Trainee: 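Following this message is one structure expressed as structure tokens.
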Amino acid sequence: MIEAISLSKHYGAFTAVDDLSFQVDAGQVLGFLGPNGAGKSTTMKMLTGFLSPSAGSARILGHDMQRDALAARRRIGYLPEGAPSYGEMTVQGFLAFVAQARELRGSAARQACAAAIERLQLGSVLQQPIETLSKGFKRRVGLAQAILHDPAVLILDEPTDGLDPNQKHEVRRLIQAMAADKIIVISTHILEEVEAVCNRAMIIARGRLLADDTPQGLIARSRYHNAVTLRLEGAEAAASQLSELPQVARAEISDGLLTVFPAAEGLFEAVSDAIGKHGWAVQELKLEAGRFDEVFRRITAGEEAA
Amino acid sequence: MSALRTVLQRELTGYFATPVAWVFIVIFLVMTAVFTFYLGGFYTRGIADLEPFFRFHPWLYLFLVPAISMRLWAEERRSGTIELLLTLPLTVTQAVLGKYLAAWLFLGLCLLLTFPIWLTVNYLGDPDNGAILAAYLGSWLMAGGMLAIGSCLSALTRNQVVAFILSVVVCFLFLLSGLPMVLDLFSAWAPQLLIDAIAGLSFLAHFADISRGVLDLRDLVYFLLVIGFWLAANVVVLNMKKGEA
Ligand SMILES: Nc1ncnc2c1ncn2[C@@H]1O[C@H](COP(=O)(O)OP(=O)(O)O)[C@@H](O)[C@H]1O
Ligand SMILES: [Mg+2]
């Protein structure tokens with residue numbers, strides 16, 4: 001279990017993390033979401049014990065990160081922001097160093113390295129100095145280093161930054177595959193990533209916790225939740241006719257798309273009926289789950305505090 | 001202990017993974033030769049010892065040791081690897097000692113590579129090899145003292161140039177503190193005890209005997225204390241940085 005207890009971090013007069021408290025249990029994949037400068041990285045640095053908090057404390061698997069950091073660090077895998085690594089070392093040399101520092105010896109070390117190399121597909125660059133690798137490979141080396149010792153707790157600061165879509169997909173699959181028996185915290189500003197891999201999402205801005213929910217729960221907070229969007233000719237006329245329906249609260253047109261917002265249950269059926277009744281030529285029709293980006297913007301703009 | 005060795009090994013192989021180590025070794029050897037033969041008058045003295053060789057070591061180290069120490073922590077901080085290193089299951093003390101010992105061993109290697117001059121002096125005459133050994137040891141200890149200063153100052157900044165300049169200045173003060181020029185500044189007003197203390201801190205004073213081959217226990221203890229003090233300060237600086245930045 002990860003426990004953050006009133007974590008705060010001040011840089012001079014500036015408050016980067018402001019009284020943050022939360023718990024993460026095994027099996028959870030927590031996504032830290034927030035605009036740049038929200039305090040995500042600072043929080044992770046305190047969770048891993050790299051920074052000491054100005055106030056509050058962090059406990060990992062029962063170990064206090066200030067008093068008992070070594071025991072905790074043995075069980076944490078950490079990808080710091082920007083995936084730093086020793087550029088002059090080869091991938092192989094670097095992973096061997098981390099294995100040794102992780103107290104793995106002999107065949108255990110070799111197996112751990114081989115497994116990480118396999119999982120992150122680093123086989124083709126093993127003998128290359130890390131500084132000569134592409135950004136995507138560097139990030140994967142950072143991830144390999146983090147999962148090398150099969151840690152119970154994984155803290156990954158922007159694990160997919162700089163990866164191409166295929167690589168992003170691979171890393172997400174990797175995280176999902178490891179999720180069952182680990183505690184995983186990732187930070188990102190890519191909303192779809194949270195939907196794809198996390199079963200819990202926390203939105204922070206200006207160092208404060210603004211929302212803590214499942215990704216689905218957050219999406220359901222969208223004003224688009226259960227709205228119906230259509231693309232059709234004569235959107236204005238259709239809008240005014242749909243507005244008459246008791247299930248419709250409001251109709252909006254933007255970019256040629258007509259969206260009707262629900263006032264009551266059964267909106268989608270009512271809209272379908274109306275389409276049939278009026279014989280509209282509809283090119284596109286969808287029931288919206290909600291729009292994550294809209295929720296994110298609204299929450300981080302300070303209009304809502306959870 | 002094994003964590004310390006892990007860090008030490010990584011550092012040491014790191015030196016030779018780039019041309020830096022080789023460039024440094026060459027510069028070190030060339031400078032040593034220049035100092036010994038041109039400025040020291042190695043041949044013209046007509047005495048079979050290495051005094052002209054060791055006499056210039058403090059001034060050689062004044063610039064070459066900070067060139068090694070400047071990157072120790074500043075580079076880790078600039079590249080972000082410090083975050084990786086200090087979240088591995090090892091203590092700050094182990095990291096400091098591992099990096100320090102690697103650099104010190106490297107300087108020791110540079111010193112060992114000056115062996116041709118020792119061969120030369122043995123070929124030309126019949127020197128006191130015990131004294132030469134003592135002087136080598138003393139020289140290495142002095143390099144270690146400057147290295148500890150540089151390592152600590154390198155932890156203060158992410159900028160290697162700043163680390164270099166700070167280290168040169170502080171090492172310079174430690175070198176000079178025994179000279180009359182410096183002591184005169186204090187003698188007008190400071191109590192004798194303080195003046196003695198300042199004079200006692202001088203690298204030059206402690207190295208002077210050593211370079212003649214007299215390895216006094218007090219000089220040995222002095223250099224070990226200097227190293228211990230600055231490395232402890234190094235650990236304190238790194239721990240403080242956890243709290244503030
Ligand atoms: N060493 C530092 N000194 C001063 N301010 C800092 C320092 N590190 C981070 N900050 C500030 O703290 C805030 C939070 O930073 P960070 O945790 O990196 O945000 P995020 O990872 O969410 O983008 C930012 O405004 C940043 O400028
Ligand atoms: Mg960040």
Side-chain angles (χ1 to χ4, degrees), chain A residues 9-12 16 41-42 44-54 60 63 65-66 69-90 93-94 96-105 109 129-131 138 141-142 145-146 148-149 151 155 157, chain B residues 1-24 71-99 102-103 106 155 158 160 235-245:
Chain A
K9 183 72 189 177
H10 309 293
Y11 293 116
S41 296
T42 306
M44 291 179 142
K45 286 174 211 227
M46 290 192 284
L47 290 180
T48 54
F50 177 67
L51 288 182
S52 5
S54 310
I60 306 271
H63 303 286
M65 288 315 293
Q66 291 309 110
L70 231 45
R73 283 197 212 130
R74 291 202 166 86
R75 308 190 58 194
I76 301 177
Y78 178 37
L79 173 72
E81 184 170 34
S85 50
Y86 293 102
E88 80 281 358
M89 296 180 94
T90 62
F94 177 63
F97 159 68
V98 174
Q100 204 183 344
R102 291 287 181 191
E103 295 155 350
L104 296 165
R105 294 286 176 271
I130 296 172
E131 64 200 354
K138 280 184 188 152
V141 170
Q145 156 290 119
L148 196 68
H149 54 302
I155 297 182
D157 201 344
Chain B
M1 207 59 200
S2 84
L4 192 160
R5 218 183 59 212
T6 304
V7 175
L8 192 156
Q9 270 173 11
R10 197 212 73 75
E11 287 284 315
L12 214 50
T13 38
Y15 284 114
F16 295 98
T18 62
V20 174
W22 307 108
V23 170
F24 186 87
R71 43 167 294 288
L72 281 180
W73 289 99
E75 174 63 14
E76 295 263 354
R77 211 176 276 288
R78 192 197 54 76
S79 68
T81 47
I82 189 171
E83 204 165 331
L84 202 76
L85 183 65
L86 296 186
T87 54
L88 286 171
L90 42 85
T91 62
V92 172
T93 309
Q94 286 169 329
V96 166
L97 286 178
K99 286 170 83 72
F106 176 68
R158 63 175 64 229
Q160 294 194 32
V235 172
V236 169
V237 166
L238 288 170
N239 279 326
M240 264 168 45
K241 288 264 173 186
K242 279 191 180 196
E244 78 176 43

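Chain naming here is simple, since letters A, B, ... match the order of the sequence lines and numbering starts at 1 in each. Predicted model only: the values in this text are computed from it and were never measured. Only heavy atoms go into these numbers, but all of them, side chains included; no hydrogens, no water, no symmetry mates.
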Trainee: Please round to the nearest 0.5 Å and tell me the distance separating atom NZ of A:K45 and atom NZ of B:K242.
Mentor: 13.0 Å
Trainee: When rounded to the nearest 0.5 angstrom, what is the spacing between CG in A:L70 and OG1 in B:T91?
Mentor: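 Those atoms lie 7.0 Å apart.
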Trainee: Quick one: does B:S2's side chain get under 4.5 Å of A:R105's, heavy atoms only?
Mentor: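 Counting from C-beta outward, B:S2 and A:R105 do come under 4.5 Å.
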Trainee: What distance do A:T48 atom OG1 and B:L86 atom CG have between them, rounded to the nearest 0.5 Å?
Mentor: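 The CG atom of B:L86 is 10.0 Å from OG1 of A:T48, to the nearest 0.5 Å.
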Trainee: Determine the option with the most heavy-atom pairs under 4.5 angstrom with chain B, choosing from A:F97, A:F94, A:Y86.
Mentor: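 Of the candidates given, the most pairs with chain B belong to A:Y86.
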Trainee: Using the rule given for side chain to side chain contact (heavy atoms under 4.5 Å, CB included), can you reason through B:L84 versus A:Y78, listing the C-alpha separation, both sets of side-chain angles and the distance that settles it, and then say yes or no?
Mentor: CA-CA 8 Å; B:L84 202 76; A:Y78 178 37; over 6 Å; no
Trainee: Chain A heavy atoms under 4.5 Å from B:E75: which part of the residue, side chain, backbone, both or neither?
Mentor: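 Interface part for B:E75: neither.
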Trainee: Could you pull out the closest heavy-atom pair between B:P89 and A:R102, with the gap in Å?
Mentor: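 Looking at all heavy atoms of both residues, the shortest contact is CD-NH1, 3.4 Å.
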Trainee: Rounded to the nearest 0.5 Å, how far apart are OG1 of B:T6 and CD of A:Q100?
Mentor: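 So the OG1 of B:T6 and the CD of A:Q100 are separated by 3.5 Å.
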Trainee: For A:R74, does the CZ atom have more than 12 heavy-atom neighbours from other residues, nucleotides or ligands under 6.0 Å away?
Mentor: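 Yes - once you tally the heavy atoms of other residues, nucleotides and ligands closer than 6.0 Å, there are more than 12.
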Trainee: Any chance you could measure B:E83, atom CD, to A:S41, atom OG, to the nearest 0.5 Å?
Mentor: 8.0 Å
Trainee: Do the side-chain N and O atoms of A:E88 and B:Y15 include a donor-acceptor pair separated by under 3.5 angstrom?
Mentor: no
Trainee: Are B:L88 and A:R73 close enough that some pair of their side-chain heavy atoms sits under 4.5 Å apart?
Mentor: no
Trainee: Measuring from atom OG1 of B:T18 to atom CD of A:E131, what distance do you get when rounded to the nearest 0.5 angstrom?
Mentor: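 Rounded to the nearest 0.5 Å, the OG1-CD separation comes out at 8.5 Å.
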Trainee: Indicate the atoms forming the closest heavy-atom contact of B:S79 with A:P84, along with that distance.
Mentor: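 Closest pair (atom of B:S79, atom of A:P84, distance): O-CB, 3.4 Å.
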